[in-house]
J.: 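My questions will all concern the structure given below.
Start at 1 and go down the list; that is how both ligands and their atoms are numbered. The residues of the chain are indexed from 1 along the displayed sequence. All values below come from the heavy atoms of this structure, side chains included, with hydrogens, waters and symmetry mates left out.
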Amino acid sequence: MRILSGIQPSGALHLGNYFGMMLPAIELQEKGEALYFIANYHSMTSLFDAEQRRKNSLDVALDFLACGLDPKKAIFWKQSDVPEVTELAWLLTTLTPMGLLERCHSYKDKLAHGISPNHGLFAYPVLMAADILIFDSNIVPVGRDQKQHVEVTRDIAIKFNQQYGETFVIPEPQIREEVAAVPGLDAQKMSKSYGNTIEIFGEEKATRKKVMSIVMDSRTPQEPKPDAEKNIVVQLLKFVAPPEVARDVEDRLRAGGLGYGDLKKSLFEHYWNYFAPMRARRAELASNLDYVQQVLREGAERAGAVAGPVLTRAKRAAGLD
Ligand code: ADP
Ligand code: TRP
């Protein structure tokens, strides 16, 4: 079984990225042949600062390795180091109906947020399809917001197979319902673009301040809160605290007597402790960047060895040989 996923180097990674995509991906590296990459080509649709892209890409590499991606088990590389995907994207784009892309929620959301779109942003799902199909991927672990893109990939693959003969494996998205949409500080989905994130490796003081400033309602500490499970801090606590701790906190809110200040302090402490070992590992990696670069170089070589023959297969099927 081949498992593939990618993450854009578009800013500091946050709890939504970690619980929605990275942790499932890290757990899956035990279950099959795992391939994970830094989607730097994708980041070009919305980030136009070259130095920032370079820095973010290294940060994603450090973050992912620190969180447990094991280069002995998973192939890990930077998308642009396996440029075959851009060639395959052209083969796929000619079979992609405009309407299929026009219906993509992620594209429509960006338009709704006032972003003036470039062609790359519109064609983004086709490049993502190439990423997935060029590795004969079976399973694609992602958060809920990427599900539609994997469905577009399936549609394109089916169409290619019908037009040019059996060429591509049809992939399945894998979405863990319990972490499909981690809420942000303002109760919308946590996302870089909403400015409502808790970063995985945020600076201590700034992150504590962010957590303490989460807006709560005006009920007094003594008032019972029968809707405790809807509280955003409780929801986040469930991700980083042991289940019995989260349950106890929820019960105390329900009964009345636990103030919001103490609740938020508890969230910060558990968050900080949860990531402590990974923070230490990240510092170690940051002082050994040669190792990190070597992991990415070797990953690109191994990924290229898988992608090359699939591209050749697709070109042959399409009469390009
Ligand atoms: P962002 O919304 O911050 O820009 P990305 O779109 O780069 O995040 O997402 C990278 C990965 O993390 C994707 O697989 C996405 O589904 C997942 N992800 C992002 N935010 C969340 C969230 N709040 N809950 C669950 N998964 C998320
Ligand atoms: N679009 C994904 C995101 O923004 C990143 C991505 C690019 C990806 N190519 C992929 C994810 C292939 C899974 C498979 O999060």
J.: Where is the nearest protein heavy atom to atom 7 (O) of ligand 1: which residue, which atom, and how far?
T.: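 Protein heavy atom at minimum distance: K192 NZ, 3.2 Å.
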J.: Among all protein heavy atoms, pick out the one at the shortest distance from atom 1 (N) of ligand 2; state its residue, atom name and that distance to 0.1 Å.
T.: Y124 OH, 2.7 Å
J.: Aromatic contact between H270 and F239, with the criterion being ring centroids under 6.0 Å apart: yes or no?
T.: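 That pair fails the under 6.0 Å test.
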J.: Mark the output for A181 as yes if a heavy-atom distance to ligand 1 is under 4.0 Å, and as no if none is.
T.: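 Within the 4.0 Å threshold, so yes.
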J.: Check this for me - ligand 1, H14, N or O atoms closer than 3.5 angstrom, yes or no?
T.: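 N/O-N/O distance below 3.5 Å exists for this pair.
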J.: Pull out every atom of ligand 2 sitting under 4.0 Å from any heavy atom of F37, numbered as shown with elements.
T.: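 Taking each heavy atom of F37 in turn, ligand 2 has 9 (N), 10 (C), 12 (C) under 4.0 Å.
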J.: Here's one to test your reading of the geometry: is the NZ or CZ of R2 within 45 degrees of the ring axis of F135 and under 6.0 Å from its centre?
T.: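 Not satisfied by the 6.0 Å and 45° rule.
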J.: Please state which protein non-hydrogen atom is closest to atom 16 (O) of ligand 1 and give its distance, to 0.1 Å?
T.: D145 OD1, 2.4 Å
J.: Would you say L289 and Y291 make side-chain contact, with heavy atoms under 4.5 Å?
T.: no
J.: Name the option, out of I7, D131, L35, T45, that contains the heavy atom nearest to atom 9 (N) of ligand 2.
T.: D131
J.: Quick check: are there more than 12 heavy atoms from other residues, nucleotides or ligands sitting under 6.0 Å from NZ of K147?
T.: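 Check fails, neighbour count at 12 or below.
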J.: List ligand 2 atoms under 4.0 Å from I132, heavy atoms only on the residue side.
T.: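 Those atoms are 12 (C), 14 (C).
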J.: Using a strict cut-off of 4.0 Å, indicate which atoms of ligand 1 neighbour a heavy atom of G143.
T.: 14 (O), 15 (C), 16 (O), 26 (N)
J.: Flag yes if more than 12 heavy atoms outside K108 fall under 6.0 Å of its NZ atom; otherwise flag no.
T.: yes
J.: Looking only at protein heavy atoms, which one is nearest to atom 5 (C) of ligand 2, and what is the separation?
T.: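 Minimum-distance protein heavy atom for atom 5 (C) of ligand 2 reads G6 O, 3.5 Å.
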J.: Starting from atom 15 (O) of ligand 2, locate the nearest protein heavy atom and write down its residue, its atom name and how far away it is, to 0.1 Å.
T.: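 Residue, atom and distance for the closest contact: Q146 NE2, 3.5 Å.
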J.: N/O to N/O below 3.5 Å, does that happen between V142 and ligand 1?
T.: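 In this structure, V142 places no N or O atom under 3.5 Å from an N or O of ligand 1.
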J.: Number the atoms of ligand 2 from 1 as they appear, then name those within less than 4.0 Å of a heavy atom of V140, with their elements.
T.: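 This gives 13 (C), 14 (C) as the contact atoms.
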J.: Measure M22 to ligand 1 on non-hydrogen atoms and call it side chain, backbone, both or neither using the 4.0 Å cut-off.
T.: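 Neither; nothing of M22 gets under 4.0 Å from ligand 1.
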J.: Please write down residue, atom name and distance for the protein heavy atom closest to atom 5 (P) of ligand 1.
T.: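 It is N17 ND2, 4.0 Å.
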J.: Looking at ligand 1, does any of its N/O atoms fall within less than 3.5 Å of an N/O of M21?
T.: no
J.: Any chance the rings of F19 and H14 have centres within less than 6.0 Å?
T.: no
J.: Report the nearest protein non-hydrogen atom to atom 25 (C) of ligand 1: residue, atom name, distance rounded to 0.1 Å.
T.: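 Of the protein heavy atoms, A180 O, 3.2 Å lies nearest.
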J.: If we ignore hydrogens and angles and just use 3.5 Å, is the side chain of K210 paired with the main-chain N or O of T197 as donor and acceptor?
T.: yes
J.: Assess the pair F160 and F168: is the distance between their ring centroids shorter than 6.0 Å?
T.: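 Distance test on ring centres: under 6.0 Å, yes.
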J.: Would the number of heavy atoms belonging to other residues, nucleotides or ligands and lying under 6.0 Å from NZ of K78 be above 12?
T.: no
J.: For atom 26 (N) of ligand 1, what's the nearest protein heavy atom and its distance?
T.: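 Sorting protein heavy atoms by distance from atom 26 (N) of ligand 1 puts G16 O, 3.2 Å first.
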J.: Specify the protein heavy atom at minimum distance from atom 24 (N) of ligand 1: its residue, its atom name, and the distance to 0.1 Å.
T.: V182 N, 2.7 Å
J.: For ligand 1, find out whether one of its N or O atoms is nearer than 3.5 Å to an N or O atom of Q8.
T.: no
J.: With respect to S43, which candidate in Q79, Q52, R53 satisfies the side chain to side chain donor-acceptor pair (under 3.5 Å) definition?
T.: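 Filter result, single survivor: R53.
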J.: If you apply the rule salt bridge (Lys or Arg N to Asp or Glu O under 4.0 Å), what do you find for K230 with D217, and how did you get there?
T.: CA-CA 12 Å; K230 294 207 188 91; D217 58 58; over 6 Å; no
J.: Report yes if Q8 has an N/O atom closer than 3.5 Å to an N/O atom of ligand 2; otherwise report no.
T.: yes
J.: What's the spacing between M22 CE and C67 SG if we round to 0.5 Å?
T.: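 Here the rounded value is 4.0 Å.
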J.: Does R279 make a cation-pi contact with W272 (under 6.0 Å, within 45 degrees of the axis)?
T.: yes
J.: Does the N or O separation between S191 and ligand 1 drop below 3.5 Å for any pair?
T.: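 Min N/O separation from ligand 1 is below 3.5 Å for S191.
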J.: Report the nearest protein non-hydrogen atom to atom 13 (C) of ligand 1: residue, atom name, distance rounded to 0.1 Å.
T.: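 Checked against all protein heavy atoms, atom 13 (C) of ligand 1 sits closest to Q146 CG, 3.9 Å.
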